[in-house]
2 protein chains.
Amino acid sequence: MSHVGYCRLMAVDRDHVLRSAAALLTRKATATLDEVAKAAGISRATLHRQFAGRDALVRALEEYGIQECEAALRAARLEEGPASDALRRLVAEIEPHAGLLAFLHTENQLFEGEDLNEGWTRMDERLGALFRRGQENGEFRIDLTPAWLTEASYGLLVSASWAVTDGRMAPNDFTRMITELLLGGVRRPHDAPGRTPA
Amino acid sequence: MSHVGYCRLMAVDRDHVLRSAAALLTRKATATLDEVAKAAGISRATLHRQFAGRDALVRALEEYGIQECEAALRAARLEEGPASDALRRLVAEIEPHAGLLAFLHTENQLFEGEDLNEGWTRMDERLGALFRRGQENGEFRIDLTPAWLTEASYGLLVSASWAVTDGRMAPNDFTRMITELLLGGVRRPHDAPGRTPA
DNA sequence: CCCACATGAGACATTGATGTCTCACGCGGA
DNA sequence: TCCGCGTGAGACATCAATGTCTCATGTGGG
């Protein structure tokens with residue numbers, strides 16, 4: 001059945017195109033469709049065959065990104081175990097999709113009046129719930145609101161993602177840098193010696 | 001002397017226009033010049049009289065933002081006193097210009113091959129030096145690179161700026177939320193009770 | 001070998017943003 | 001009151017991006 005092969009091929013290309021587009025559009029939101037196509041290694045014609053237009057492309061980007069991120073959230077099992085560990089799992093799971101997340105987080109407000117994708121709200125709630133759990137747990141301090149911690153997590157994820165793509169950070173450091181900063185902060189612990197990980 | 005009054009008026013309007021433009025363009029980089037003008041409360045004609053075109057506007061935005069941020073850095077006196085306090089001063093000083101910073105930080109890579117403004121590099125170095133100082137000081141932990149801490153600071157500044165403009169965070173919380181998270185992290189200190197500030 | 005089909009390259013027409021005008025209005029000072 | 005001047009509104013011309021074609025090519029399967 002050639003149809004199956006056809007669909008598989010499309011899906012693979014689609015992923016690649018979307019990720020390339022996200023990487024480019026995050027930094028240059030005014031990029032031409034020619035540029036987007038070239039960045040993905042395809043022609044504008046093919047790009048246009050997969051996505052009706054710029055708007056459709058951005059929509060697909062949004063949907064795809066949310067889908068991937070929600071899958072990552074699910075895989076991280078945020079409700080299980082210590083909140084700190086859950087946070088670590090979360091960052092690790094999201095890492096492969098950080099580029100998508102960066103695009104969505106910065107250009108999200110592109111559609112003004114429209115309802116911002118409910119999947120986004122779901123993600124916010126999941127993250128907020130994690131931080132709240134950690135606070136009620138006693139693991140996390142309570143003087144930082146879950147909403148801010150959620151927002152801050154996005155910010156750090158995005159910053160780290162850019163730092164990696166720009167070569168200012170080693171890809172291996174991604175998860176550690178984010179989680180260590182987020183969990184422990186930059187201040188050196190006075191009384192807990194040898195905290196620095198291997 | 002009408003000329004003086006003229007210049008002053010222009011300068012004031014210019015500030016306002018630039019800040020409005022930054023606030024809009026950060027979230028919707030594809031916004032029309034009509035939209036930019038409307039957001040600033042002026043007509044497209046007047047906008048065009050002040051800035052030759054979109055490109056000129058973005059350039060001016062860049063220059064203005066860097067200028068303001070560097071002034072903030074200077075005012076924060078990063079070399080004086082404990083690095084933690086310097087960091088607090090820095091965030092407090094930058095707060096009024098967080099919108100500008102958000103724009104610059106997200107759309108900076110707009111000019112590809114071109115030399116990204118050297119003022120930007122200067123800011124990076126200043127911030128990096130602060131973190132390095134804190135590390136050599138013993139105040140800060142050494143397992144997070146100054147480059148990452150710099151990038152992370154930008155990310156938190158931007159996230160907080162957006163959270164405030166979107167109404168998800170009280171403006172008063174801006175400095176405290178950022179500095180507390182950056183310095184202390186989200187994890188609750190085990191052995192230092194009563195750390196929560198008033 | 002032949003065919004189906006996705007792709008790349010390109011030629012248009014169209015749309016929308018932009019750059020450049022002109023002109024009338026309102027406000028301030030002389 | 002009259003004038004200078006900045007402004008807003010709008011009318012274009014221009015140009016770049018986009019949407020829509022066609023056609024040649026290459027490849028993979030039958």
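Quick note on labels: first sequence line is chain A, next is B, and so on, each numbered from 1. All of these numbers come straight from a predicted model, not from anything done at the bench. The analysis underlying the following values was restricted to heavy atoms, covering all of them including side chains, and did not include hydrogens, waters or symmetry mates.
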Quiz item: Does B:Ser43 place a side-chain N or O at less than 4.0 Å from the phosphate oxygens OP1/OP2 of D:dT7?
Solution: no
Quiz item: How close or far is atom P of C:dT20 from atom CG of B:Leu33, stated in whole angstroms?
Solution: 12 Å
Practice problem: Side chain of A:Thr32 only, please: which of D:dT20, C:dA9, D:dA17 is the nearest? | Solution: D:dA17
Exercise. Using a 4.5 Å cut-off on heavy atoms from C-beta on, say whether the side chain of B:Arg188 contacts that of A:Phe140.
Key: no
Quiz prompt | Donor-acceptor contact below 3.5 Å, side chain A:Thr150 vs main chain A:Pro146 | solution = yes
Practice problem: Report the distance from atom CZ of A:Phe51 to atom P of D:dG19, rounded to the nearest whole Å. | Solution: 13 Å
Quiz item: Can you tell which of C:dT22, C:dA9, D:dT20 lies closest to the side chain of B:Arg49?
Solution: C:dT22
Self-check item: Protein-nucleotide distance (B:Arg44, atom CZ; D:dG8, atom P), rounded to Å
Solution: 13 Å
Exercise. To the nearest Å, give me how far apart NZ (B:Lys38) and C1' (D:dT7) are.
Key: 17 Å
Quiz item: Counting only N and O atoms by type, is there a donor-acceptor contact under 3.5 Å from the side chain of B:Gln135 to the main-chain atoms of B:Leu144?
Solution: yes
Practice problem: Please check if the side chain of A:Arg168 supplies one atom and the backbone of A:Trp162 the other of a donor-acceptor pair under 3.5 Å. | Solution: no
Practice problem: Check the distance between C:dA17's C1' and B:Leu57's CG and give it to me in whole angstrom. | Solution: 14 Å
Practice problem: Ignoring hydrogens and angles, tell me if any N or O in the side chain of B:Thr32 forms a donor-acceptor pair with the backbone of B:Glu35 under 3.5 Å. | Solution: no
Quiz item: Does B:Thr46 place a side-chain N or O at less than 4.0 Å from the phosphate oxygens OP1/OP2 of D:dG8?
Solution: yes
Quiz item: Roughly, in whole Å, what's the span from NE2 in B:His48 to C1' in C:dT18?
Solution: 7 Å
Self-check item: Nearest-nucleotide 5' precedence on DNA chain D, A:Ala31 against A:Ala45
Solution: A:Ala31
Quiz item: Where each residue is assigned the nucleotide of DNA chain D containing its nearest heavy atom, which of B:Ile42 and A:Gly53 is assigned the position nearer the 5′ end?
Solution: B:Ile42
Quiz prompt | Gap between atoms CG and P, on B:Leu47 and C:dT20 respectively (whole Å) | solution = 13 Å
Exercise. Looking at every strand, decide which applies to B:Arg54 at a 4.0 Å heavy-atom threshold: base, sugar-phosphate, or nothing.
Key: sugar-phosphate
Self-check item: Distance in angstrom units between B:Asp34 CG and C:dG19 C1', rounded
Solution: 12 Å
